[in-house]
Amino acid sequence: MNTTHYLVAGASHAGLEAVHRIRLVDETSPITLVTRDAHAPYSPTILPYVVSGQSAPERVVLRPADYFLQHNVTLISDNELVSIDETGKQVTLKSGDRWQYAKLLLATGADPIIPPIPGLSETPYHVLRTMQHAIDLRDHAGKVKRAVVLGAGLIGMHGAENLRHAGLDVTIVEMCDQVLPGYFDARAAAVIEHAFNANGIRMLMGSRVVRVEPLGDGCRITLENGDSLEADLLLVATGVKPQLDYLKGTSVQVDQGILVDRRMRTDAPHIWAAGDVAQAADFYGEEKVMMGILPDAVTQGAVAAMDMTEDHALKPYIGGVPINTYTFFGQQAISVGQSLADASLEELTRVDEDHGRYLKILLKENRLQGISSINQEMDAGIMWQLILRKVDLTPVKDAFIARPLETGRALMSSTWR
């Protein structure tokens, strides 16, 4: 039986931040970090650039090997949890090894959702969630000419753009009527879609795939309207969800993900969860939500670690606020906080179609609730802080609406503590 004090399952942003925070408080207790990836830790956000060749796998490492040696962290790669014995405070890994822990953090991330499309399971396809996925996709892309991407979320859009940069003819198929529906409204999405069309990517919005079948070395995709597409390469990017099979037989409560409180504690004693696997408090309401964004994973990892080490500086998690910066074909879009207005919100929108610019501000009682922009000078981090701190914009409302970046910077410089 192997023993450790802190067992952290998952070596992406939440897990790595937790290790860092643990060592700030506890310099000596053993830490064991388990990752199913065979590669050194990396950020999933870099994977599309590995596909296009803009980034090399060996140059996107978040922590070099000597980091773990210097911080007395046992790194177990190419392995993963398969079960938890919470009574005995033990986990079993895929390798068969067992580890006893004092405190366990689940930061195991999420896996691609594979839609139940007839014929898909018999057809070769790619997903993009791990470094090996990116390497395999890059290698395949270098040998073919035509690609179809299923899904117009962030993974699908990034993947499609970088396949285009790699020289392929690319078609995106999305059953929703717009791209990035979780981040932008229809008017903003239209600006992004125009840029993709202008760069040679075919956009089939509101199209549902009813069948996929092998065709030579590629495949044929049949749409609900009867049209069909042929591709040498198929990328499935229809969303992600946590893989939670290792929780069977435990008292850990799950809904869409692992339910946690504001200290990232699960219902089971001595077990915490953070990152893409955790379903935590919503900043805007009482329900618990899945966030799936990098800054929030870091925050949750930090909160979990501070609670695990009984750090007196701990401030409970205040809830997730979405923040995304999306660069496409040399243009930039940001989406922070809420993206869709309801009856309780004041909405202010400016669109400059000639220059591909867009701005939408959502306010409630003169406090920022959300802001979306395309090709506007903007600092997503400052907007995020204005929302999190619930800054009253009443004295500068007109100036903020006219010049959100400059006004936001001035506000933060005078209030940041």
Side-chain angles (χ1 to χ4, degrees), residues 1-36 41 62-63 67-76 79-81 83-93 98-110 242 244 246-247 250-254 257-281 288 290-291 294-320:
M1 175 69 68
N2 304 288
T3 62
T4 188
H5 191 77
Y6 303 101
L7 180 60
V8 178
S12 193
H13 292 282
L16 292 176
E17 181 66 15
V19 168
H20 169 68
R21 293 287 182 144
I22 288 170
R23 276 291 174 255
L24 290 178
V25 177
D26 185 342
E27 297 180 355
T28 58
S29 296
I31 301 174
T32 300
L33 180 64
V34 179
T35 173
R36 62 183 174 179
L62 291 175
R63 300 286 191 278
Y67 169 88
F68 301 103
L69 292 173
Q70 292 168 5
H71 292 83
N72 187 26
V73 177
T74 299
L75 175 64
I76 301 175
N79 217 328
E80 60 184 318
L81 270 63
S83 66
I84 300 172
D85 172 6
E86 61 182 287
T87 302
K89 297 169 69 174
Q90 300 172 15
V91 302
T92 301
L93 305 184
R98 291 189 298 159
W99 282 82
Q100 190 161 45
Y101 61 85
K103 299 179 181 182
L104 171 63
L105 173 61
L106 303 173
T108 48
L244 304 173
Y246 58 81
L247 293 176
T250 73
S251 65
V252 175
Q253 297 298 301
V254 300
I258 298 174
L259 295 167
V260 293
D261 66 12
R262 292 184 182 271
R263 293 174 177 261
M264 299 296 118
R265 296 175 180 175
T266 71
D267 288 282
H270 314 293
I271 300 179
W272 290 254
D276 289 358
V277 75
Q279 187 173 346
K288 295 182 178 182
M290 305 290 293
M291 290 298 296
L294 189 158
D296 207 61
V298 172
T299 298
Q300 291 184 6
V303 171
M306 294 172 79
D307 194 53
M308 294 165 77
T309 56
E310 300 179 13
D311 187 341
H312 295 301
L314 170 65
K315 294 182 179 179
Y317 180 65
I318 63 173

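Between the side chain of T3 and the main chain of Q100, no donor-acceptor pair closer than 3.5 Å is present. One N or O on the side chain of Q253 and one on the backbone of S251 form a donor-acceptor pair closer than 3.5 Å. Remark: the backbone N or O of G275 is paired with a side-chain donor or acceptor of Q300 at under 3.5 angstrom.
Nearest approach of M290 to P242, heavy atoms of both residues: CE-CG, 3.5 Å. Residues A102 and H270 share a closest heavy-atom pair of O-CB, 3.5 Å. Of all heavy-atom pairs between D296 and G320, the closest is OD1-CA, 3.7 Å. Minimum interatomic distance between R98 and T92 (heavy atoms only, all atoms of both residues): CG-OG1, 3.6 Å. The two atoms that bring R262 and G319 nearest to each other are NH1-N, 3.9 Å, heavy atoms only. Taking both residues in full, the closest heavy atoms of W272 and R265 are given as NE1-CG, 3.4 Å, listed atom of the first, atom of the second, then distance.
Inter-residue side-chain proximity for I271 and T250 is flagged as unmet; no heavy-atom pair is nearer than 4.5 Å. A heavy-atom distance below 4.5 Å is found between the side chains of K288 and L259. When side chains are defined from C-beta on, Y67 does not count as touching P41, because their heavy atoms never get closer than 4.5 Å. Under the 4.5 Å side-chain criterion, counting only non-hydrogen atoms from C-beta, H13 is not in contact with E17. Residues N72 and R23 meet the side-chain proximity criterion, which asks for heavy atoms closer than 4.5 Å. Side-chain contact between L33 and L16: present, with at least one pair of heavy atoms (C-beta onward) separated by less than 4.5 Å.
Under the side-chain contact (heavy atoms from CB on, under 4.5 Å) test applied with V19, the options L105, T32, V73 reduce to a single match, V73.
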Task: V34 and V91: CA distance, side-chain angles, deciding distance, side-chain contact (heavy atoms from CB on, under 4.5 Å) verdict - done: CA-CA 11 Å; V34 179; V91 302; over 6 Å; no
Open item on the list: Show, in sequence, the C-alpha distance, side-chain angles and deciding distance for R36 and T108, and conclude whether the side-chain contact (heavy atoms from CB on, under 4.5 Å) test is met.
Closed with: CA-CA 9 Å; R36 62 183 174 179; T108 48; over 6 Å; no
Task: Verdict with supporting geometry, Y101 and I84, side-chain contact (heavy atoms from CB on, under 4.5 Å) - done: CA-CA 11 Å; Y101 61 85; I84 300 172; 3.9 Å; yes
Task: V260/Y317 under side-chain contact (heavy atoms from CB on, under 4.5 Å): CA gap, chis, key distance, verdict - done: CA-CA 10 Å; V260 293; Y317 180 65; over 6 Å; no
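Within a 6.0 Å radius of CD in E310, other residues, nucleotides and ligands contribute 12 heavy atoms or fewer.
A distance of 9.0 Å separates CG in L244 from CG in L106, rounded to the nearest 0.5 Å. Going from atom CG of L93 over to atom CH2 of W99 covers 8.5 Å, rounded to the nearest 0.5 Å. Distance CD1/I22 to NE2/H5: 8.5 Å, rounded to 0.5 Å.
Looking at residues two or more places apart in sequence or on another chain, you find no ring-ring contact (aromatic ring centres under 6.0 Å, His included) involving H20.
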